[in-house]
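Working notes, structure below.
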2 protein chains.
Amino acid sequence: MSLPHAILTALLEKPSSGLELTRRFDKSIRYFWSATHQQIYRELGRLEQAGLIRELPQQLPSQGQRKEYEVLPAGRAELAAWVARPEDPKPLRDALLLRLRAAALVGPQGLAAELHRHRALHQQALDEYLTIERRDFTADRTTEADRLQHLVLRAGISLETNWIAWLDEAATELGPPEPFTADPHR
Amino acid sequence: MSLPHAILTALLEKPSSGLELTRRFDKSIRYFWSATHQQIYRELGRLEQAGLIRELPQQLPSQGQRKEYEVLPAGRAELAAWVARPEDPKPLRDALLLRLRAAALVGPQGLAAELHRHRALHQQALDEYLTIERRDFTADRTTEADRLQHLVLRAGISLETNWIAWLDEAATELGPPEPFTADPHR
DNA sequence: GCCTCCATGTAACACGTTACATGATTCG
DNA sequence: CGAATCATGTAACGTGTTACATGGAGGC
């Protein structure tokens, strides 16, 4: 039940068409909530039917088929209510941890390489976050909105940092990407 | 594509019936991969049809309807292959971060209480993990399987620790659960 | 005219969730 | 007998994913 609220948030920042929303998701919101254009179109239809958003009358006539949406007061109210609504965090769900547990039974052949690959991906994500932080959050002109957005970014930074540290630990535990090991069954 | 492998892992540890698997998921695997009994039954059927597991002939006759399954060699092979198969980590997907971003637009009323509640839940999870660690991973009798399982547990511990630290930071940023604030819009 | 990109959408499926159904065993 | 519990399963739905369809606009 979060996608509609993600869309409301994005539309509040700036009224947009479906494809524009998709691009903005790709650029920023996807860092903590990704969505494909099909999901977005489906949800835009529902939100419109629910009376939370409405289609803007085209200011530029005959501009293809673009449909711009804006948030209605009911939509803003729903979003504000959702911000405070109790909703438990989703339990952890991580395939790599599952694979480690499986490796404890069938042997860790090939796992070290995967850990190494994941480390690189997390490092890449971290670098991206740090770049954004340097670009957008240096000054001390801190409105409340700025501070909240920075907080979100710092969550991403510390999560990725945490994964990297753990993956390093895991790599030490497993040893280097084993070329050959004795006892392939275990 | 991880649930079948979670089930194969659990069945390798010990052949079980559907309900037994559900309970064992609830007890241990759910810490990083939860599943309901319906998912498990559906998947057991598929795994059997795929020839990765098979129904054990009942040793105790007339024991109700219980169906015990065991992993076949093809199942073990599939699991071993999966351990090394490249599979990218799922991007972060966290509703609380989304809510913070929404709060930057519609105001953080009520958010502080949610953060506090989440902190308590993460603290609870952390305590649980630490208890398990003290109980199961004290001795220095470290087989490779032990070390891998401990590694998985440490991932959970450091993730929860990380969330708690971040939530504390967030609480500081937001201030105490605001009783009243000026300017309710913005 | 043709290709590409823009923009919206349909269809089908995989996975996960919730509610309910069915029958067998156990216990008071 | 009746209720609770065990054990397996069906049905329906919501969300997310993938592939494909349609039709207009702009460039060569």
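Each chain gets a letter, A, B and so on, in the order its sequence line appears, and its residues count up from 1. Heavy atoms only: backbone and side chains are in, while hydrogens, waters and symmetry mates are out.
- The aromatic rings of B/W163 and B/W166 stand perpendicular to each other, their planes meeting at an angle above 60°, with 30° marking the opposite boundary.
- Between B/R93 and D/dG16, a side-chain N or O to OP1/OP2 separation shorter than 4.0 Å is present.
- Protein atom NE2 of A/H37 is 14 Å distant from nucleotide atom P of D/dA21, rounded to whole Å.
- The residue A/S17 sits close only to the backbone: its heavy atoms come under 4.0 Å of sugar-phosphate atoms, none of a base.
- Contact check, B/K90 against D/dG16: no side-chain N or O comes under 4.0 Å of OP1 or OP2.
- For the pair A/R46 (side chain) and A/P4 (backbone), a donor-acceptor distance under 3.5 Å is absent.
- Taking atom CZ of B/R42 as the reference point, atom P of D/dT8 lies 17 Å away to the nearest angstrom.
- Distance B/Q39 CD to C/dA19 P: 15 Å, rounded to the nearest Å.
- Out of D/dT17, C/dC15, C/dA7, the shortest distance to the side chain of A/R23 is found at C/dA7.
- Residue-environment remark: NZ (A/K90) stays at or below the threshold of 12 foreign heavy atoms within 6.0 Å.
- Under 4.0 angstrom from either OP1 or OP2 of C/dG9 there lies no side-chain N or O belonging to A/Y41.
- When the side-chain nitrogen and oxygen atoms of B/R46 are compared with OP1 and OP2 of C/dC15, one or more of them lie within a distance under 4.0 Å.
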